[in-house]
Amino acid sequence: MSKLNPQQQAAVKAIDHPLLVLAGAGSGKTRVITEKIAYLVKQGLPARHIAAVTFTNKAAREMKTRVSKLLDNNQQRGLRVSTFHSLGLDILRAESKTLGYKAGITLFDEQDKHTLLRNLISHGAKDCDIDNIDSYARQIGQWKNAFVTPEQSITLAAATEYPAANLYVDYTRSLKAYNAVDFDDLILLPVLLFQQHPAILEKWQNKIRYLLVDEYQDTNITQYQLVRLIAGNLGRFTVVGDDDQSIYAWRGAQPENLAQLQKDYARLQVIKLEQNYRSTGRILKVANQLIANNPHAFEKRLWSELGYGDALRVLSHKDELIEAQQIVSEIIHHKFKTGGNYQDYAILYRGNHQSRLFEKGLRENNIPYFISGSTSFFAYSEIKDILGYLRLFVNQDDDAAFLRVINTPKREIGPTTLEKLGAYANERHISLFAACTEFGLSQKLSEKAMQRLAKFRDWTLDTADRIDRGDTFAVIEHFIDQIGYSQYLQEESKTKEAADRKLKNVYELVEWLKRIADKETDGQKPLAEIVAKIMLMDIMERNQEDEISDQVSLMTLHAAKGLEFPHVFLIGIEENILPHQNSIETDNIEEERRLAYVGITRAQRTCTFSYCTHRRRYGEIAECEPSRFLSELPEDDLEWVNKKQLAPEVIKERGKASLAHLKTMLS
DNA sequence: TAGAGGTTACTTTTT
DNA sequence: GTAACCTCTA
């Protein structure tokens with residue numbers, strides 16, 4: 001703790017008041033949290049009574065690593081460092097009975113949610129149009145994030161939202177029938193539980209006697225409720241946040257929660273961290289000037305002692321192919337010239353699809369790279385299949401899992417049968433699996449179809465039973481053989497290589513599950529717990545033991561928050577990309593500006609912007625304009641390289657013109 | 001019932 | 001340009 005600056009020290013030692021730390025980018029906020037955990041333990045609060053909550057798995061991982069350097073194993077025992085969602089899942093699993101859930105709660109991912117909504121709509125949900133399914137899904141999520149229950153949504157909904165509110169009611173009932181919850185429920189249900197059962201709340205308050213929250217500006221209404229409930233009236237918490245880095249409004253984040261704390265906790269202490277330990281003065285100057293265009297609830301001014309540094313460069317390219325090639329070759333040359341490492345470079349972008357050409361370019365030049373947050377391991381169809389079976393063994397009422405696996409591999413149970421089964425189950429408000437055995441169904445289906453369903457049902461129950469009784473993993477390996485999954489992959493895949501790769505993934509999944517089961521509990525951890533938990537994990541956790549090697553990082557701006565790199569390339573800095581087209585249309589530029597701010601402040605030594613004058617979009621070549629954000633930056637600190645397609649003044653004028661144009665269009 | 005072939009909407013960001 | 005979705009035929 002010797003090397004902390006006075007503000008950081010004050011933040012670590014402030015344990016008698018609820019504490020809000022306003023921490024600018026690169027001001028050492030993770031350090032404050034980890035040091036504070038160590039400090040609390042050394043002050044005599046056992047680690048099992050401390051919980052630190054973050055938003056991403058990556059941040060939680062980082063925090064754990066750093067705490068482990070400050071405390072020995074004994075001192076850390078029982079410490080909770082997890083994402084909000086993972087904490088919610090722990091609470092739900094522990095209290096499932098009170099909430100009316102059976103053991104073996106299933107977690108639905110976005111795709112499962114989509115499938116369920118689709119089924120509800122096609123089975124006649126009131127006034128719902130299948131074409132609007134995405135907007136219903138989003139609306140339901142927004143209600144959950146804003147702590148609006150289905151009943152309240154019916155009352156509150158505007159006329160246009162009424163179908164979604166009805167669907168929300170049906171959806172909630174179905175989830176309950178399937179003994180399932182979705183991501184948003186992991187926060188919403190614990191809050192409801194705590195509100196309705198003070199004794200349970202007290203139990204958890206006693207467990208978690210000090211709460212630390214990272215990236216507090218990203219909390220939504222429901223998450224804030226959870227924080228308040230756990231922290232209690234005494235306000236035993238430290239939250240750390242930066243309103244300039246709020247980039248999750250689209251999923252309900254309320255940066256106003258920062259100001260709300262002052263209203264809710266009169267004794268709240270506020271400490272600002274303004275010294276930046278990451279970037280050059282010039283990078284900070286540019287970032288500060290950009291973000292000055294946004295309104296601010298809290299004033300803060302970042303400064304650095306790391307020297308003024310190089311100008312930030314702006315590259316212009318003919319199209320996105322040249323952009324990728326040019327930047328890849330810049331990285332090669334720069335690394336050669338400076339004798340640095342590949343891991344010193346990061347390529348950051350607005351949308352995942354932008355990584356493609358860069359991947360190709362890096363691969364062709366044999367440059368090691370790592371893409372974070374792209375297709376997750378769990379998005380692979382073979383992984384979803386096997387997990388689907390496991391989910392069904394754990395919880396037969398999991399309709400999403402049932403639908404996933406019922407005819408994979410083929411069991412001659414096709415759409416017609418499933419349609420009738422679905423209609424029947426829907427009518428009765430029971431799960432598909434439960435419907436399989438019903439007499440009423442046999443009137444609507446052929447005997448053959450009934451037999452096939454019964455066979456699958458018996459097999460599932462039998463396998464689930466054997467998992468319960470004994471050697472979980474022997475049963476799992478056996479069932480994969482038994483259903484002929486390997487053969488199925490051979491038939492389904494276009495090439496033998498693809499089939500082999502998929503099979504390898506399947507075995508990797510099984511090995512991974514074994515490792516998780518072994519951890520802490522010597523293989524005794526129930527499959528139900530593993531299956532639920534696994535849905536919240538990300539690809540990095542799978543590769544935990546792979547050593548970090550020297551590779552260029554590629555990721556979205558969202559994924560980059562909290563990280564830092566010596567050399568940062570911000571690509572596709574164009575109108576309609578950053579700011580994103582949808583944000584322009586909804587006049588929501590401020591969050592996009594914060595996103596750009598987050599990107600710039602990742603850079604330690606150099607920061608390079610890049611835009612294209614032409615780009616393929618939906619297969620058509622379209623003209624592109626440099627982002628308006630470039631025109632908001634101090635000219636003296638920018639160096640425009642390549643052919644300047646547009647002078648900065650022109651961009652500025654155009655930016656103003658397009659803004660004015662937009663405003664007239666909207667008014 | 002399965003699979004081929006045609007059509008369409010889409011690309012924001014995550015647990 | 002493409003993935004997911006839908007319709008038609010064997």
Side-chain angles (χ1 to χ4, degrees), chain A residues 53-60 82-89 107-115 118 122 130-134 138 141 144-145 181-188 215 218-220 222-223 246-253 320 348-357 372-376 378-379 381 407-419 446 448-449 452 491-492 532-539 541 555-561 572 576-586 588 591-592 594-596 598-599 615-622:
Chain A
V53 188
T54 67
F55 279 85
T56 62
N57 290 304
K58 204 192 311 175
S82 70
T83 60
F84 261 102
H85 290 86
S86 180
L87 174 65
L89 182 63
L107 179 58
F108 270 29
D109 66 14
E110 289 303 305
Q111 206 184 323
D112 296 327
K113 176 180 178 181
H114 200 269
T115 311
R118 169 168 288 275
S122 63
I130 198 87
D131 290 338
N132 293 333
I133 184 161
D134 289 332
R138 208 175 315 123
K144 291 191 179 194
N145 288 330
V181 299
D182 67 14
F183 282 130
D184 301 318
D185 285 334
L186 295 178
I187 315 295
L188 179 70
E215 306 283 9
D218 289 333
T219 50
N220 59 39
T222 313
Q223 281 160 334
S246 165
I247 52 176
Y248 286 102
W250 53 274
R251 62 171 203 203
E320 74 275 18
L348 309 181
Y349 37 81
R350 180 67 175 84
N352 278 311
H353 63 281
Q354 287 174 271
S355 69
R356 276 214 178 144
L357 286 171
S372 119
S374 55
T375 355
S376 130
F378 303 104
S381 64
N407 209 26
T408 310
K410 303 271 178 288
R411 292 191 179 85
E412 296 182 296
I413 301 170
T416 321
T417 306
L418 289 177
E419 178 55 36
S446 71
K448 266 247 161 65
R452 287 174 189 139
E491 287 161 8
E492 286 296 297
K533 209 90 200 187
I534 213 171
M535 306 269 299
L536 285 176
M537 294 186 175
D538 67 12
I539 195 153
E541 269 165 290
M555 67 189 81
T556 62
L557 288 162
H558 284 86
K561 193 161 67 152
N576 296 323
I577 295 181
L578 185 74
H580 192 271
Q581 187 171 2
N582 296 359
S583 304
I584 297 174
E585 280 162 12
T586 55
N588 187 15
E591 179 145 316
E592 299 290 306
R594 287 192 289 268
L595 212 39
V598 166
R615 184 181 287 275
R616 267 195 128 76
R617 256 195 124 141
Y618 303 124
E620 303 270 293
I621 293 172

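To find a chain, count down the sequence lines: A is the first, B the second, and so on, and within it residues start at 1.
Taking atom NZ on A/K144 and atom P on B/dT15, their separation rounds to 18 Å, with Å as the unit. A straight line from CZ of A/R138 to P of B/dT15 spans 18 Å, rounded to a whole angstrom. Rounded to whole Å, atom C1' of B/dT15 lies 11 Å from atom NZ of A/K113. Computed from coordinates, the A/Y349 OH to B/dT14 C1' distance equals 14 Å when rounded to whole Å. If you take CG of A/D134 and C1' of C/dC5, they are 13 Å apart, rounded to a whole angstrom. Across the protein-nucleic acid pair, A/E591 atom CD and B/dT14 atom C1' stand 13 Å apart, rounded to whole Å. Atom CD of A/E320 is separated from atom P of C/dG1 by 11 Å (rounded to the nearest Å). Rounded to whole angstrom, the span from the CG atom of A/D182 across to the P atom of B/dT15 amounts to 15 Å.
Heavy atoms only, all atoms of each residue included: A/H580 and A/E592 are closest at N-OE1, 2.9 Å. Minimum heavy-atom separation, A/A596 to A/L578: CB-CD2, 3.9 Å. Shortest non-hydrogen contact noted between A/D112 and A/L107 is OD2-O, 4.1 Å.
Distance alone, capped at 3.5 Å, places no donor-acceptor pair between the A/K113 side chain and the A/F183 backbone. Under a 3.5 Å cut-off, the side chain of A/Y349 and the backbone N or O of A/M555 do form a donor-acceptor pair. In this structure, the side chain of A/E320 does not engage the main chain of A/L357 through any donor-acceptor pair within 3.5 Å. Judged purely by atom type and a 3.5 angstrom limit, A/E215 has no side-chain atom pairing as donor or acceptor with the backbone of A/T54.
Applying the 4.0 Å criterion to OP1 and OP2 of B/dT15, one finds that A/N145 has every side-chain N and O outside that range.
Among the atoms of the strands shown, only primed sugar atoms or phosphate atoms (P, OP1, OP2) are found under 4.0 Å from some heavy atom of A/R118. Residue A/F55 is in sugar-phosphate contact alone, with no base atom involved, counting any heavy-atom pair closer than 4.0 Å across all strands shown. Base contact: A/E110 has a heavy atom under 4.0 Å from a base atom. Nucleic acid contact for A/T417: sugar-phosphate only, since backbone atoms but no base atoms lie under 4.0 Å from a heavy atom of the residue. Within 4.0 Å (heavy atoms only), A/D218 reaches no atom of the nucleic acid at all.
Comparing A/L595 and A/K410 along DNA chain B, the residue whose closest nucleotide (by nearest heavy atom) sits nearer the 5' end is A/K410. Nearest-nucleotide positions on DNA chain B place A/S583 closer to the 5' end than the other of A/S583 and A/S86.
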message: Would A/K561 and A/T56 count as a side-chain contact (heavy atoms from CB on, under 4.5 Å) here? Give the steps.
response: CA-CA 10 Å; A/K561 193 161 67 152; A/T56 62; over 6 Å; no

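Here B/dT14 is the nucleotide among C/dG1, B/dT14, B/dT15 with the atom lying nearest to any side-chain atom of A/W250. In the set C/dG1, B/dT13, B/dA2, B/dT13 carries the atom at the smallest distance from any side-chain atom of A/T556. In the set B/dA2, B/dT15, B/dT14, B/dT14 carries the atom at the smallest distance from any side-chain atom of A/N352. Of the listed nucleotides (C/dC5, B/dT15, B/dT13), C/dC5 has the atom at the smallest distance from the side chain of A/H114.
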Which protein N or O atoms sit under 3.5 Å from an N or O of nucleotides 7-10 of chain C?
none

Protein N or O to nucleotides 6-8 of chain B N or O, pairs below 3.5 Å:
none

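Partner of A/K144 under the side chain to side chain contact (heavy atoms under 4.5 Å, CB included) criterion, out of A/D182, A/T222, A/I187: A/D182 alone.
The aromatic rings of A/W250 and A/H558 sit perpendicular, their planes meeting at an angle over 60°, well past the 30° parallel limit.
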